[in-house]
Amino acid sequence: MRFSAEDAAWRQLSSEYAGRWSIWRSDAGRWYATRLTRSLSRIEMDRGLIMTACGESAEELHALLTAQEGLTGQTLSS
């Protein structure tokens, strides 16, 4: 079975963020991820955390998720 580059990117992102983010690609080609954890508090949102991320490409979504995970660490330790 042969997978497309998009399938491979989805598998990579889904594996890397398993249990924390649900990853999908829209029919229009945009990449999305939604947190699988509890809802965010107002304080967390004020610090820049988001429930759903969206990017034009898998690479852009990966960068957004990496940034979000960095903020999560800062929020939890603050």
No-hydrogen, no-angle side-chain donor-acceptor test under 3.5 Å, [X] and [Y]:
X     : Y     : value
Gln12 : His62 : no
Thr52 : Thr34 : yes
Glu69 : Trp21 : yes

Within-4.5 Å side-chain heavy-atom neighbours: [X] and [Y]:
X     : Y     : value
Leu65 : Ile23 : yes
Trp31 : Trp24 : no
Arg35 : Arg20 : no
Ser26 : Tyr32 : yes
Met45 : Ile50 : no

* **Step-by-step salt bridge (charged side-chain N to carboxylate O under 4.0 Å, His left out) determination, Arg38 to Glu44** => CA-CA 12 Å; Arg38 63 175 172 70; Glu44 289 170 319; 2.8 Å; yes
* Asp46 and Arg42 ion-paired at < 4.0 Å ->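 A salt bridge links Asp46 with Arg42.
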* Between atom OG of Ser41 and atom CZ of Arg47, what is the distance when rounded to the nearest 0.5 Å? ->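 Here the rounded value is 8.0 Å.
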* To do: Determine whether Leu64 and Leu71 fall in the same hydrophobic cluster, where Ile, Leu, Val, Met, Phe, Trp and Tyr are linked whenever their side-chain heavy atoms lie under 4.5 Å apart.
  =>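 Different clusters: Leu64 never reaches Leu71 through Ile, Leu, Val, Met, Phe, Trp or Tyr contacts under 4.5 Å.
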* To do: For Glu16 and Leu13, indicate whether the former's side chain and the latter's backbone hold a donor-acceptor pair under 3.5 Å.
  =>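 No.
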